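In what follows, a single structure is set out as structure tokens and then discussed.
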Amino acid sequence: MEVGSSSSNFKLYDQFELLEFEDRLVFKSLESPDKGFSICRRQGNIEPLSDESSSGKPPKTSTIYGVAGTIRLLAGTYVLVITSRKEVGSFLGFPVYRVESMKFLACNEALRFSNSQEKRDEAYFMSLLKTVEATPGLYYSYETDITVNLQRRCKLMEVWTSKPLWKQADPRFVWNNHLLEELIEYKLDRFIIPLLQGSFQVTQLKLKSSPATFTLLSRRCTRRLGTRMWRRGANLEGDTANFIETEQLLELEGFRCSSLQIRGSIPLLWEQIVDLSYKPQLRIIQHEQTPQVVERHFNDLYQRYGETIAVDLTDKHGDEGQLSAAYAEEMQKLPNVRYVSFDFHHVCGSSNFANLQVLYDKISEEFEKQGYFLIDKDGKILEEQRGIIRSNCIDCLDRTNVTQSYLAQQTLDIQLQRLGVFTSTEYISMFPEDYVKFRTLWAEQGDEISLGYAGTHALKGDLVRYGKQTVAGFIKDGMSALSRYYVNNFHDGIRQDALDLVSGRYTVSKSNPSPFQLNSFESFSYLPVASALLIGGLTLTTFSLQQAARNAQHYVSSVVWAGVTAGAMALVKANGRQFCSRPRLCRLL
């Protein structure tokens, strides 16, 4: 079997003609016009393409690039289609595309027969679908599966590559897994596109006149999908928030090298609920199953990746320190996992990237024994990766990305020396043009992963790009931090609901309570009132003080308005959680 091959029998259709009739939607392959299907706009039923279903002149015709799935709400079915795409490179020789835009098409004719409460609920669910349409970092290929890493691909039987792409895919990393269920039920194999959320970056390296393709592919796990503040830690099954597998792939003179790292939230039960403060308080949830949760998590990692080194980058004081101490205590109960505590902020500060050598010295022997995966041009396995580094900070974004890029650099040096491109005294950092490309890919990957979880670009990007903090980077980090504060406090509740809906964690049913009954407090109806009181109070206080300089009688009104403003501020602070955007659909765990 040629590594990376994919049976042409199951190459997906890559362009469709969409015919939008009043009573049905028709999807026809442009490559094979007799292949397709239709969806009834009243009941949402899927039917094979027939002469009858595609006859007539539709009011609207357009070209789309894939059907990402369907979802049933109260009043009908909604179909997610890819309306634009961009080719961003290739994975093992096959083109990879990024979703540039998506759109849900409504098959909800029954909505007009719904009662007022159902219409209100459906409107909320439809607003969530609008949020889903803007999901960043979605990638796919029509010709090969990109959810399975190279080492695992090479160990699978040849029959695996003759299966439809959705059957080849690792369900952990299929973002639209829930949305594909109806298409799978109707056996529309050549229409089913597994979407990966994460990052795909590729560049060409010169490497002393030995051209190479360098690819960075990050895969986000969907088992605990969510936003930064509303999905922390682990669930009872041991799945963690922001769990990402990152594969660094080097293709050089017929050789292919792959190395894996993973990241994921601290696998305890804990939360950090937004309350308008810049850094909300961490709370560890005391639960009798906590030891089992940690054990389940690391057992799963061992089965998939081998021996694990858990690198904890959190602070050792304050709330983070308490969480880190609880993590360390649980890790002492797992003799087969090495736990390494490294206070990134204390050792590296904001600009001392090179100080990560202190961490590397602690783990270098085991890290190098874990190795990497290497095959030659004939597909013969020369090296295997026998373990994994699992890194975390609090968000598993900024500090984690800096650390992973440092470890990836060590691996790349070892690989290039092994292949004879570098001597034992040469390193990628000695070749400025290639080194800039390497660092840029890791920085851009960090930004993309951060957008999917926190809603903003990563912080500390300069440490990855340049190895130090720059003035421009400091300003950019400040703007990103402010954006994170706004998004996390005032938008992420809706984003979390959208993710719970699209991932199937919440199932729409008329037997379920209305989402407005699940969370009776209308946070956004109170926020404008509080904001108006604060801004109005400050404005009137300032105006009264200006007038008081001319007329002493205005001092009284100044004191009154200052009191009103202080009272409003105290009210907002005391009830901070209630003024934030909160998810309505699901509990945190």
Side-chain angles (χ1 to χ4, degrees), residues 91 149-151 198-205 207 212-220 244-252 255-264 305 308-311 313 340 342 344 348 353-364 366-374 383 385-393 396-419 421-422 426-431 434-450 458 460-467:
F91 180 66
N149 62 66
L150 180 61
Q151 179 162 321
S199 178
F200 182 89
Q201 309 287 336
V202 62
T203 191
Q204 302 299 316
L205 304 179
L207 297 176
T213 300
F214 182 78
T215 305
L216 202 55
L217 176 55
S218 288
R219 307 173 174 103
R220 185 185 303 281
I244 292 172
E245 174 191 277
T246 297
E247 181 173 19
Q248 180 172 282
L249 187 65
L250 178 71
E251 298 174 86
L252 171 70
F255 293 94
R256 284 172 173 163
C257 299
S258 166
S259 59
L260 299 174
Q261 294 187 66
I262 53 176
R263 68 178 77 188
Y305 303 106
T308 304
I309 300 175
V311 176
L313 303 168
V340 179
F342 181 78
F344 183 98
C348 298
F353 179 76
N355 286 1
L356 281 168
Q357 183 68 41
V358 176
L359 170 63
Y360 189 70
D361 290 342
K362 287 184 178 182
I363 65 173
S364 59
E366 290 164 278
F367 176 67
E368 290 170 18
K369 280 183 181 178
Q370 287 181 352
Y372 52 89
F373 185 71
L374 172 63
E383 303 277 356
Q385 184 169 343
R386 296 180 174 84
I388 199 83
I389 301 290
R390 182 203 191 277
S391 303
N392 74 266
C393 47
C396 302
L397 295 176
D398 314 318
R399 287 171 279 182
T400 297
N401 204 59
V402 173
T403 302
Q404 286 196 336
S405 68
Y406 185 90
L407 296 176
Q409 182 179 329
Q410 310 307 312
T411 299
L412 183 59
D413 287 334
I414 293 169
Q415 291 170 340
L416 291 172
Q417 290 170 7
R418 164 70 170 80
L419 294 174
V421 178
F422 287 172
E426 289 181 318
Y427 307 96
I428 190 69
S429 58
M430 299 168 64
F431 300 87
D434 289 333
Y435 193 35
V436 167
K437 290 180 179 179
F438 169 84
R439 286 185 152 182
T440 298
L441 252 65
W442 269 95
E444 290 177 351
Q445 179 241 203
D447 281 340
E448 199 158 20
I449 288 174
S450 182
K460 297 181 172 63
D462 273 8
L463 289 183
V464 180
R465 278 188 169 88
Y466 312 116

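What you are looking at is a predicted structure, and each value in this text was computed from that prediction instead of being measured.
- When side chains are defined from C-beta on, Phe255 does not count as touching Gln415, because their heavy atoms never get closer than 4.5 Å.
- Taking the side chain as every heavy atom from C-beta outward, Gln385 and Ser259 approach each other to under 4.5 Å.
- Between Phe438 and Trp442, the ring planes lie tilted relative to each other; the angle falls in the 30° to 60° range.
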Inset, instruction - Kindly indicate, with the supporting measurements, whether the criterion side chain to side chain contact (heavy atoms under 4.5 Å, CB included) is fulfilled by Leu205 and Leu252. - result: CA-CA 10 Å; Leu205 304 179; Leu252 171 70; over 6 Å; no
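- Proximity of Lys460 to Asn401: side-chain heavy atoms (C-beta onward) are nowhere separated by under 4.5 Å.
- Once rounded to the nearest 0.5 Å, the distance linking CZ of Arg465 with CZ of Arg439 reads 11.5 Å.
- At a threshold of 4.5 Å between non-hydrogen side-chain atoms, the residues Leu359 and Phe344 do not count as touching.
- Taking NZ of Lys437 as the start and CD of Gln201 as the end, the distance is 14.0 Å to the nearest 0.5 Å.
- Contact record, Arg263 with Leu397: NH1-O, 3.7 Å, taken as the closest heavy-atom pair.
- Judged purely by atom type and a 3.5 angstrom limit, Asp434 uses its side chain to pair as donor or acceptor with the backbone of Leu207.
- Rounding to the nearest 0.5 Å places CD1 of Ile244 at 12.0 Å from CZ of Arg219.
- Pairing each heavy atom of Leu419 with each of Cys257, the nearest pair is CD1-SG, 3.9 Å.
- Across all their heavy atoms, Thr213 and Gln204 have their closest contact at OG1-OE1, 3.1 Å.
- Across Ala408 and Gln261, no two heavy atoms sit closer than the pair N-NE2, 3.6 Å.
- At least one side-chain heavy atom of Gln248 sits under 4.5 Å from a side-chain heavy atom of Phe214.
- Side-chain atoms of Asp413 and Gln417 include no donor-acceptor pair closer than 3.5 Å.
- Taking all atoms of both residues into account, the shortest heavy-atom contact from Tyr372 to Ser258 is CB-O, 3.6 Å.
- With Thr403 contributing its side chain and Arg399 its backbone, the two residues share a donor-acceptor pair below 3.5 Å.
- Using a 4.5 Å heavy-atom cutoff, the side chains of Tyr305 and Arg390 are not in contact.
- Summarising the geometry, atom OG1 belonging to Thr308 is positioned 7.5 Å from atom CD1 belonging to Ile388; distances are rounded to the nearest 0.5 Å.
- Relative orientation of the Phe353 and Tyr406 rings is perpendicular, given thresholds of 30° and 60° on the angle between their planes.
- Looking at Thr215 and Phe200, their side chains come closer than 4.5 Å, going by heavy atoms from C-beta outward.
- Counting heavy atoms from C-beta on, the side chains of Phe373 and Leu260 never come closer than 4.5 Å.
- Using modelled atom types, one side-chain atom of Gln404 and one backbone atom of Ile262 make a donor-acceptor pair closer than 3.5 Å.
- Between the side chain of Ser391 and the backbone N or O of Thr400, no donor-acceptor pair lies under 3.5 Å.
- For the atom pair CG of Leu250 and CG of Leu150, the computed distance is 11.5 Å after rounding to the nearest 0.5 Å.
- Separation of atoms OG1 (Thr246) and CG (Leu407) is listed at 11.5 Å; rounding is to 0.5 Å.
- Considering every non-hydrogen atom in both Glu448 and Ser199, the closest pair reads OE1-OG, 3.0 Å.
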